[in-house]
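Read through the structure below, which is laid out as structure tokens, and then see the notes.
Throughout, protein chains are lettered first and strands after them, A, B, ... in sequence-line order, and every chain is numbered starting at 1. Only heavy atoms go into these numbers, but all of them, side chains included; no hydrogens, no water, no symmetry mates.
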Amino acid sequence: MRLSQSFIPTMRQDPGEAEVISHRLMLRSGMIRKVAAGIYSYLPLGLRVIRKIETIVREEMNRAGAQELLLPILSPAELWKETGRWDFYGKELVRLQDRHDRDFCLGPTHEEVVTDLFRREVRSYRQLPLTLYQIQTKFRDEIRPRFGLMRGREFIMKDAYSFDQDEAAAQHNYQQMYDAYCRIFSRTGLKFRPVEADTGLIGGISSHEFMVLANTGEELIVFDPDSQYAANVERAEVVPPPSKKGGELKPLKKVSTPNAKSVEDLCGLLKVDASRVVKTLLYQTGDNEITAVLIRGDHQANEIKIQRFLGLHDLTLASPELVAKVTAAPVGFVGPVGLSNVRILADNAIGALTNFIVGGNEPDVHLTNVNSPRDFAVQDWGDFRQAQAGDPSPKSGSPLQTLRGIEVGHVFMLGTKYSEKMGATYLDADGQSHPAIMGCYGIGIGRTAAAAIEQNHDEKGICWPMPIAPFQAQILPVTTSEAVRLASEQLYHELNQQNIEVLLDDRNERGGVKFNDADMIGTPYHIIIGDKGLAGNTIEIKDRKTGEKVLLPPNQVADWIKDAVAQRLQTQS
RNA sequence: CGGGGCGUAGCGCAGCCCGGUAGCGCACUCGCUUGGGGUGCGAGAGGUCGGCCGUUCAAAUCGGCUCGCCCCGACCA
């Protein structure tokens with residue numbers, strides 16, 4: 001490809017609208033342009049990266065036995081009403097009506113559509129297992145689209161669905177997809193980690209997320225350095241601490257704590273560690289109903305765990321008006337002692353505490369030397385907090401460590417959630433009807449591209465891993481002599497002959513401009529051709545990521561590049 | 001949806017308080033120049049100042065409404 005004839009509009013300055021690195025670099029290198037919030041055009045350079053990721057995904061999906069199909073984006077409301085998601089999905093579902101006022105939505109995911117297909121076409125266990133996938137644009141009217149392709153309202157996703165006759169087969173299928181995902185992300189050249197995850201809106205039994213590791217990631221994961229265990233903090237199980245050893249229970253005491261609304265304030269005032277404090281969070285659980293959750297001061301409540309325990313999906317902190325109904329205390333001074341008519345849940349960590357501190361249920365008052373069950377009763381104990389670094393691993397007991405990641409893939413074991421509701425059944429060998437056991441598996445294609453940039457960049461621009469680089473090599477004629485032009489054209493021709501994806505910067509620009517654009521675009525190899533080099537019969541090859549330079553006679557460059565590219569495609573870097 | 005911020009040339013911004021001529025840098029066009037890390041000089045083109053309503057002799061500037069965008073929180077590939 002000749003840069004002079006390519007539509008690769010690079011930008012010299014950072015656009016004001018982008019703060020996140022991948023977003024900024026995608027705009028500046030001319031990969032994408034915004035059309036509206038969370039809606040982007042993929043320009044030629046961006047599309048090349050997208051296509052490369054898709055190709056890897058297709059190859060591995062096919063290898064795992066999945067078959068590609070293409071379901072419609074537009075789907076009728078009836079299907080979604082069958083599973084209840086027409087209502088449950090809420091505002092995130094893009095809805096529209098046709099000219100006859102019939103309700104439709106733009107697919108945010110395709111369980112309904114694919115399950116409908118299955119029930120119409122599949123009758124027998126002989127047709128199982130069946131795994132279908134597609135790569136398609138999805139629509140989710142996100143609460144807050146952000147960070148370019150990282151969270152769009154319209155985005156390209158690979159989604160796959162498996163159907164099996166029993167748990168064992170489904171598990172096997174799930175594992176196959178899991179393995180395929182590992183191969184996919186290995187092949188893209190990204191550092192990633194599969195972690196145990198929550199099942200969220202899609203629902204189901206078990207699930208893993210695939211996290212591309214990057215300091216800028218939105219997700220926090222914990223992992224055990226001494227076992228395979230890794231989990232999203234949302235999900236990570238916290239092992240209950242050993243129960244308290246008997247000790248002296250001191251008498252309950254009221255203390256004045258003016259304006260000590262936060263755990264931090266309180267600890268400063270009373271000169272105690274946050275682990276001695278218990279915070280009382282009031283959640284609204286139903287109409288005018290409140291549940292109190294006790295969490296140690298230095299811990300974070302995990303609302304997902306609390307929701308799961310309570311069987312709710314719309315847990316929110318109680319409004320001040322509601323709080324006023326159960327206690328005279330303003331927020332910050334609420335405590336479990338004397339809190340009547342409120343269900344109290346306590347995190348397991350509280351069980352190991354004696355003589356701790358809680359809110360006094362009146363303004364500017366806390367209680368010290370509080371003990372349970374002496375001073376208040378807990379209805380339910382459980383794991384209600386977020387895991388954090390240093391917590392013991394549920395597998396080996398070693399202290400957990402944390403990493404940041406970007407969720408690029410998610411696999412779910414769905415069970416019969418959709419097949420039962422929609423009557424997607426098959427007949428077994430005995431003629432008995434059973435709902436198919438399903439799994440579903442997603443990969444955010446654009447997000448994977450964005451994550452790759454987050455993980456592979458420097459102050460000058462992108463450093464693409466070879467397998468997903470838009471081009472493998474870029475020729476930079478840095479002077480304008482005829483000799484340089486001829487050498488560049490010659491090499492361009494040779495590389496094309498070798499099927500190397502090469503970009504020739506034949507623009508009438510100064511060397512500096514070409515260097516900067518090439519660095520920003522992030523092509524793995526830069527082939528620098530100038531009069532200085534040619535005078536010594538050499539051409540310089542620069543590795544974008546390491547900056548390492550190799551000088552070669554012009555007639556050896558094409559072979560060198562060919563070998564180097566092949567090798568980096570092999571070793572996936 | 002709650003909180004914060006921003007809409008002025010393709011991009012980045014100034015001008016707004018204190019109303020009166022729309023400006024700078026980059027990019028773009030033409031000419032010369034330069035030629036291994038964003039050359040230099042000269043000449044040009046490019047604007048409904050997000051939109052609507054109002055105040056005023058006069059609005060980018062003041063007031064109201066509205067639309068869009070970005071950032072922080074509740075969601076997710």
Side-chain angles (χ1 to χ4, degrees), chain A residues 9-20 23-24 27-28 30 33-39 53 57 89-93 108-110 135-160 181 197-202 207 209-212 218-219 232 234 303-304 307 313-317 319 406-412 440-451 460 476-481 484-485 507-520 526 528-535 539-540 542 549:
Chain A
T10 58
M11 301 159 106
R12 287 200 178 197
Q13 282 163 301
D14 274 331
E17 69 183 44
E19 298 203 351
V20 167
H23 187 195
R24 231 162 49 203
L27 288 168
R28 286 195 57 185
R33 286 293 183 264
K34 186 179 70 183
V35 175
I39 299 174
I53 296 170
V57 168
Y89 224 106
K91 290 191 171 174
E92 209 164 301
L93 192 63
T109 175
H110 278 69
I135 296 177
Q136 182 201 51
T137 299
K138 294 285 189 273
F139 295 83
R140 294 183 190 173
D141 198 354
E142 288 284 343
I143 290 168
R144 179 151 91 89
R146 57 184 139 173
F147 309 154
L149 295 195
M150 205 71 91
R151 180 184 303 280
R153 292 194 289 178
E154 173 182 322
F155 60 98
I156 301 172
M157 177 163 121
K158 186 284 300 178
D159 48 324
Y181 272 40
D198 191 70
T199 50
L201 255 193
I202 297 189
S207 98
E209 288 167 334
F210 287 76
M211 298 285 191
V212 167
E218 286 188 90
E219 305 290 336
N232 192 313
E234 292 176 349
E303 295 185 357
I304 291 171
Q307 289 185 107
H313 68 268
D314 52 356
L315 193 70
T316 48
L317 281 168
S319 62
I406 298 162
E407 182 193 352
V408 291
H410 203 157
V411 295
F412 296 86
C440 77
Y441 317 90
I443 291 177
I445 304 288
R447 187 183 281 183
T448 300
K460 287 180 168 294
L476 287 71
V478 290
T479 53
T480 53
S481 70
V484 165
R485 197 186 66 79
R507 295 175 301 173
N508 183 22
E509 288 288 354
R510 316 261 309 180
V513 174
K514 295 186 181 182
F515 282 123
N516 283 310
D517 274 352
D519 286 343
M520 191 162 61
H526 297 172
I528 300 155
I529 306 181
D531 290 303
K532 275 190 209 163
L534 289 184
I539 282 175
E540 177 185 324
K542 192 179 84 177
K549 292 173 180 177

Integer-rounded Å distance: [N] [atom2] and [X] [atom1]:
X	N	atom1	atom2	value
A/I406	B/C75	CD1	C1'	17 Å
A/I143	B/G3	CD1	C1'	15 Å
A/D159	B/C76	CG	P	17 Å
A/E218	B/G73	CD	C1'	12 Å
A/E142	B/C75	CD	C1'	6 Å
A/L93	B/C76	CG	P	13 Å
A/E234	B/A77	CD	C1'	14 Å
A/M211	B/C76	CE	P	13 Å

With A/R33 via salt bridge (Lys or Arg N to Asp or Glu O under 4.0 Å) - residues at least two apart: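 Testing A/R33 for salt bridge (Lys or Arg N to Asp or Glu O under 4.0 Å), a comparison that skips the adjacent residues, returns none.
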
Please state the [atom1] separation for the pair [N] and [M] - nearest whole angstrom.
N	M	atom1	value
B/C75	B/C18	C1'	47 Å
B/C1	B/G19	P	36 Å
B/G44	B/G20	P	27 Å
B/C17	B/C62	P	5 Å
B/G15	B/A60	C1'	8 Å
B/G63	B/G4	C1'	23 Å
B/A45	B/C53	C1'	35 Å
B/U66	B/G73	P	27 Å

5' priority, RNA chain B, between A/I445 and A/K91 [closest heavy atom]: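 The residue whose closest nucleotide sits nearer the 5' end is A/K91.
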
Of the candidate nucleotides B/C11, B/C75, B/A74, which contains the atom at the shortest distance from the side chain of A/R151?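 Looking only at heavy atoms from C-beta outward on A/R151, the closest nucleotide is B/C75.
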
Sugar-phosphate only, base, or nothing, as touched by A/E303 at under 4.0 Å among non-hydrogen atoms: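 Nothing, no nucleic acid heavy atom in range.
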
[N] pairs with, by Watson-Crick or G-U criteria that keep both distances under 3.5 Å:
N	result
B/G44	B/C28
B/G23	B/C13
B/G2	B/C72

Using only atom types and a distance under 3.5 Å, with no angle test, would you say the side chain of A/R140 pairs donor to acceptor with the backbone of A/R153?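 Flag not set: sc A/R140 to bb A/R153 has no pair under 3.5 Å.
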
Distance from A/Y441 atom OH to A/D159 atom CG, nearest 0.5 Å?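 Result: 12.5 Å between the selected atoms.
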
Can you measure from CD1 (A/I39) to OG1 (A/T137) and round to the nearest 0.5 angstrom?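 Between atom CD1 of A/I39 and atom OG1 of A/T137 there are 11.5 Å.
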
Which residues pass the side chain to side chain donor-acceptor pair (under 3.5 Å) test with A/D519, sequence neighbours left out?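 With neighbours one apart ignored, the set is empty.
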
Set out, line by line, the N/O atom pairs under 3.5 Å between protein and nucleotides 7-10 of chain B.
none

Strictly under 4.0 angstrom, non-hydrogen atoms only: write out the protein contact profile of nucleotides 37-49 of chain B, one letter per nucleotide from the 5' end, B, S or -. BBB----------

Taking all atoms of both residues into account, what is the closest heavy-atom pair of A/Y181 and A/G409, and its distance?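 So the two residues come closest at CE2-CA, 4.2 Å.
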
Identify each atom pair where a protein N or O and an N or O of nucleotides 29-31 of chain B are less than 3.5 Å apart, giving names and distance.
none

Suppose we call a contact any N or O donor and acceptor under 3.5 Å apart; does that hold for the side chain of A/E219 and the base of B/C76?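 Flag set: donor-acceptor pair detected.
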
Between the protein and nucleotides 67-71 of chain B, which nitrogen or oxygen pairs come in under 3.5 angstrom?
| unit_1 | atom_1 | unit_2 | atom_2 | d |
| --- | --- | --- | --- | --- |
| B/C69 | OP1 | A/A37 | N | 2.8 |
| B/C69 | O3' | A/K34 | NZ | 3.0 |
| B/C70 | O3' | A/E17 | O | 3.4 |

